[in-house]
Amino acid sequence: MPIGRDDVIAWLSAYSQLLADNREYLTQLDSSIGDADHGVNMDRGFKAVLGKLPTVADKDIGTILKSVGMTLVQTVGGASGPLYGTFFLQAGAATANKMELSLADWSVAVEGAINGLMARGKANVGDKTMVDALVPALHALKQAIADGIDDHEALRQSVAAAEQGMKNTIPLVAKKGRASYLAERSAGHQDPGATSSYLMFKAMMDAWTK
Amino acid sequence: MPIGRDDVIAWLSAYSQLLADNREYLTQLDSSIGDADHGVNMDRGFKAVLGKLPTVADKDIGTILKSVGMTLVQTVGGASGPLYGTFFLQAGAATANKMELSLADWSVAVEGAINGLMARGKANVGDKTMVDALVPALHALKQAIADGIDDHEALRQSVAAAEQGMKNTIPLVAKKGRASYLAERSAGHQDPGATSSYLMFKAMMDAWTK
Amino acid sequence: MKKLINKPEDVVVEALKGIEYAHPDLVKVHYEPNFIYRADAPVQGKVAIVSGGGSGHEPMHGGFVGMGMLDAACPGAVFTSPTPDQMLEATKMVHGGAGVLHIVKNYTGDILNFDMAADLARAEGIEIESVVTNDDVAVQDSLYTAGRRGVGVTVLAEKICGAAAEEGRSLTDVADVCRKVNGWGRSMGMALTSCTVPHAGKPTFDLPEDEMEIGIGIHGEPGRTRMKLKSADEITEMLMEPILNDLPFQAGDNVLLFVNSMGGTPLIELYIIYRKAYEIATKSGLKVVRNLIGPYITSLEMAGCSITLLKMDDDLIRLWDAPVRTPALRWGV
Amino acid sequence: MKKLINKPEDVVVEALKGIEYAHPDLVKVHYEPNFIYRADAPVQGKVAIVSGGGSGHEPMHGGFVGMGMLDAACPGAVFTSPTPDQMLEATKMVHGGAGVLHIVKNYTGDILNFDMAADLARAEGIEIESVVTNDDVAVQDSLYTAGRRGVGVTVLAEKICGAAAEEGRSLTDVADVCRKVNGWGRSMGMALTSCTVPHAGKPTFDLPEDEMEIGIGIHGEPGRTRMKLKSADEITEMLMEPILNDLPFQAGDNVLLFVNSMGGTPLIELYIIYRKAYEIATKSGLKVVRNLIGPYITSLEMAGCSITLLKMDDDLIRLWDAPVRTPALRWGV
Ligand SMILES: Nc1ncnc2c1ncn2[C@@H]1O[C@H](COP(=O)(O)OP(=O)(O)O)[C@@H](O)[C@H]1O
Ligand SMILES: Nc1ncnc2c1ncn2[C@@H]1O[C@H](COP(=O)(O)OP(=O)(O)O)[C@@H](O)[C@H]1O
Ligand SMILES: [Mg+2]
Ligand SMILES: [Mg+2]
Ligand SMILES: [Mg+2]
Ligand SMILES: [Mg+2]
């Protein structure tokens, strides 16, 4: 299943819709262990992305993703803005001039994106952040591709891993981000950034496995 | 039933106790149509009076009452401080050098006291103030004395009139004091000052009709 | 009841002690009777200005003591007018031989207690003039009320008269300035919540989550009307309308626009209100030449705001701009 | 949710418009990207100071723009770090040829966004130094946290560094002053209530009527511990103790004592807290030589307070006393 430019746009639209639908939910998660803005931040950012997409809809995938990254950096703010922004800027750099990607190409781009995000935020798995959903999702995707599993199933497995990683944040004590100020009180609550990361992968699956 | 100096002191002690007992009630009344301080103001004032009484307990009634008036002026504050202060200062002026009063003497002193209070506050019956309890109480007292009714019964009638006057404030729209800022919204609530005035007469009856 | 206090009966004295520790360069505190007075009092030859009222409106009045504003402020119990001995002793402490102006907010208790104090001070040979502030348009001034409340314009009068006194005007002239400011100012307030008086332990009135009070005063009492909560812009219109209608402000007038927090409303909301009030004033042809934005005449932790519009001429503008050095207002020095 | 706002998404821009209307003599407002900058910017030859953060902490930072303090402030959405384009454009607007200091509060988002902006500014040839404030003692600074939050000392640093820049010190020197202030300051906060972020519609956390949070930040998040409500004096002791223990303040040190309202706590309560904090500091042998009391770094309408203690030497005292002319702080001019 090649991922064409229109698929990338479909993914971004699907993610934007998931963020709008889950705005209150993400806000609620970010109230228990944060400052109640993650839902609004992501919704604002991806509404801006939707507004920008028509201007790059005829460009290559790399240009589209870099445009997404820059838009997020300029509109989201907070911790998630630069982190997701870096994710998309890196993914855009890895897919420059491409009009079509294999799922393997995409996993490489995602790997670079996650590495960039982790380099900027300096969080590791277990710190109770979006990294806790992103890294398992990437591993599952890479593993499935390496095992020769078909694309749709590979995507489903990465989403399942993202979901599990998201849920795994619940018992963790946060070591990064605003939740770390709560120390032990952060345990028992699901991380908002891990949730929006899960939704990002879910949107991939929703858009690409129709 | 002559009212001796010790009777005056007994009355003041009884009133002080009634104000302490009704502190929350007066506060509540002053919350519906005021600023929630009448109960505390009066309790503070009469606790100070109790503390001052020993220093004048051997003086004439006029000196005692003037001391009460000055203490109230210095400790109560708000609208009720100067008004009740004037009441007692005037009563003290009318009873200067007296060690004993007949009930008729007392009614003359109270009349002067109420006149002084009304001159200072410029409120009339019907304005929804302490005057609405004080004036009926005075009239009932004077009428009973003129009718030759025995002292204890005269006091009971004046207290009953004070109580009725207090209750009569409920439907009134306030035209004086803080409650007047609420205009029609002040109707339906009993006036706090009328209530503390009723209690003052009740204390007279409690102390003098044992 | 959630407050940062110790015993309710100690609130006033403990706050005074904090003021005493905090501002020794500006004020001194006298206890029993309680009042705050400028550290360099008495200022010989200058009209002294004394005000006061119940506590709970901070920084009014104690935060306004100092050069260019009040010589002394008398704090009563929370929401309770101070007693005559406070104003008498404060008056005597700051009297500089040129007479004393009492600025009295129009509440029965404030009027009665200040009147008694003025009588006592005159009996001791001090010349006193008293001016009453009554700028609140929420209440009708009629035979059937205790008159309009003194609210926001009081702050402006204290500053402007403080400057007039500082530049050596006579008692009569300073009192005239005070009457002029009062006559040229109008105010209106609203509340999103009531407040809790320390000794009462619960809010003075309950306001449902979707309702607000329009036409409130500064003592936590209910207002003229209760209605469903509206937007900031609609609320600003509801406050500005009676203000503009009441005083025949004329197109071309210079005005000071004072947007005040009742205590619990934060600055970001005040600026949203200011924005709309400024636009309304400007559209009415007024020129907003000065402003004051913040918590200056409060009602404990009440959420809400009040707007005061003061017409200004060149003299009032000069007096407003003159240096002032108090805990709550400072410029030019 | 009871606020004086219109649409939640317009809160920041409407407040900016209010600031623009209110203080044209002090600041200008740039929209898209949003920032507030001093009206006379750029001041040639002077180190420019830029800060910023989420909105909802007013007057911080926008109220601190002007002579003697910040050259520009970048307001994000409520409680949301501003974006790099805001800091980049603000930096370019106020750069006077002597470099720019970024004062950044230690929150992941603030650090990341300011870092990106600094990189972009350097790419355009502007010399940038960044100093992070992290004075909050409620959080342990360890490998297992995102580090200590930047809170009250940020206000003090902005004033002191503003003065250092105003008197012509170099970028390196001003940055050193900033690091010194940060190193010598410690803060601790508590809350009686949470706050409601406009778009959330309800409080960020619920606090029972008889409980309080100790060790809160400024973004409405819960604190380190929840416990039963105590008296003001006990609370002051609970805040002062970790402050005094954390920085080896020594007997004889001069300090600035900053008692801050989180937004909903009124001034009378702040003075009660100040009284006890002053007594504790003095009893520890410290000399409280300066202070700041009021709502300066807030969390919308949160009821609560924070205390900041800053050790001062003669240079810092001089810089603190130097003239400043901003919407929220003004003296000496
Ligand atoms: N250092 C970090 N590395 C990776 N993710 C992080 C880091 N810090 C915070 N996050 C993520 O950001 C999320 C919060 O985002 P958001 O609420 O938008 O920002 P803020 O915390 O500034 O309000 C957290 O749930 C967490 O997943
Ligand atoms: N002008 C007046 N004349 C007589 N009584 C008055 C007048 N104004 C107010 N009062 C009385 O004072 C009472 C309120 O007293 P208090 O609460 O102690 O003072 P304040 O209104 O200043 O808070 C009212 O209930 C009313 O009975
Ligand atoms: Mg957040
Ligand atoms: Mg009252
Ligand atoms: Mg009162
Ligand atoms: Mg945030």
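By convention in this document, chain letters (A, B, ...) are assigned in the order of the sequence lines, proteins followed by strands, and residues within each chain are numbered from 1.
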key: A:Val76 portion near chain D, given a 4.5 angstrom heavy-atom threshold   = backbone
request  = Given salt bridge (charged side-chain N to carboxylate O under 4.0 Å, His left out), test A:Asp43 with A:Arg23 step by step and report yes or no.
outcome  = CA-CA 7 Å; A:Asp43 185 33; A:Arg23 177 183 153 125; 2.9 Å; yes
task = Name the member of D:Ile111, D:Thr108, D:Leu112, D:Val139 that forms the most heavy-atom pairs with chain A at distances under 4.5 Å.
result = D:Leu112
task = Measure from NZ or CZ of D:Arg149 to the centre of the six-membered ring of A:Tyr181, then state whether that distance is under 6.0 Å and the direction lies within 45° of the axis.
result = yes
task = Could you check which of A:Lys122, A:Arg185, A:Arg44, A:Glu24 has the highest count of heavy-atom pairs closer than 4.5 Å to chain D?
result = A:Arg185
task = Evaluate ring-ring contact (aromatic ring centres under 6.0 Å, His included) for D:His57 paired with D:Phe79, printing each intermediate quantity in order.
result = CA-CA 8 Å; D:His57 309 301; D:Phe79 291 174; 5.3 Å; yes
remark   = Cut-off 4.5 Å, heavy atoms of chain D, and the answer for A:Val73 is both
query = What part of D:Ser299 is in contact with chain A, defined as an atom under 4.5 angstrom from a non-hydrogen atom: side chain, backbone, both or neither?
reply = neither
query = So, A:Trp11 versus A:Phe46, ring centres under 6.0 angstrom or not?
reply = no
key: Cationic N near anionic O, under 4.0 Å, D:Arg186 to D:Asp246   = yes
key: A:Arg120, part contacting chain D, at a heavy-atom distance under 4.5 Å   = both
remark   = Max heavy-atom pairs within cutoff under 4.5 Å with chain A, candidates D:Ile216, D:Asp115, D:Asp85, D:Asp110, goes to D:Asp85
message = Out of D:Gln86, D:Met116, D:Lys202, return the one with the most heavy atom pairs under 4.5 angstrom to chain A.
response = D:Met116
ask   = Is A:Asp191 salt-bridged to A:Lys128, cutoff N-O under 4.0 Å?
value = no
task = Select one option (side chain, backbone, both, neither) describing which atoms of D:Glu213 are under 4.5 Å from chain A's heavy atoms.
result = side chain
query = In terms of heavy-atom proximity below 4.5 Å to chain A, should D:Asn113 be classed as side chain, backbone, both, or neither?
reply = both
ask   = Quick one: do D:Glu124 and D:Lys92 make a salt bridge, cutoff under 4.0 Å?
value = yes
inquiry  = Could you go through A:Asp60 and A:Arg5, starting from their C-alpha distance and side-chain angles, then the distance that decides it, and tell me whether this counts as salt bridge (charged side-chain N to carboxylate O under 4.0 Å, His left out)?
reply    = CA-CA 7 Å; A:Asp60 60 282; A:Arg5 175 189 53 209; over 6 Å; no
message = Under 4.5 Å from any heavy atom of chain D, what part of A:Asp37 do you find: side chain, backbone, both or neither?
response = both
task = Look at D:Glu14 together with D:Lys7 and state whether they make a salt bridge at an N to O cut-off of under 4.0 Å.
result = no
task = Against chain D, label A:Ala36 side chain, backbone, both or neither, depending on which of its atoms sit under 4.5 Å from a heavy atom there.
result = both
query = Which one of D:Thr145, D:Thr225, D:Asp136 has the most heavy-atom pairs closer than 4.5 Å to chain A?
reply = D:Thr145
inquiry  = Shorter than 4.5 Å, heavy atoms on both sides: which option in A:Gly81, A:Ala179, A:Ser32, A:Gly177 has the most such pairs with chain D?
reply    = A:Gly177
query = Which of parallel (below 30°), tilted (30 to 60°) and perpendicular (above 60°) describes D:Phe114 and D:His102?
reply = perpendicular
inquiry  = Does any backbone or side-chain atom of D:Asn106 lie under 4.5 Å from a heavy atom of chain A? Answer side chain, backbone, both or neither.
reply    = backbone
Which atoms of A:Thr75 approach chain D - backbone, side chain, both or neither, heavy atom under 4.5 Å = backbone
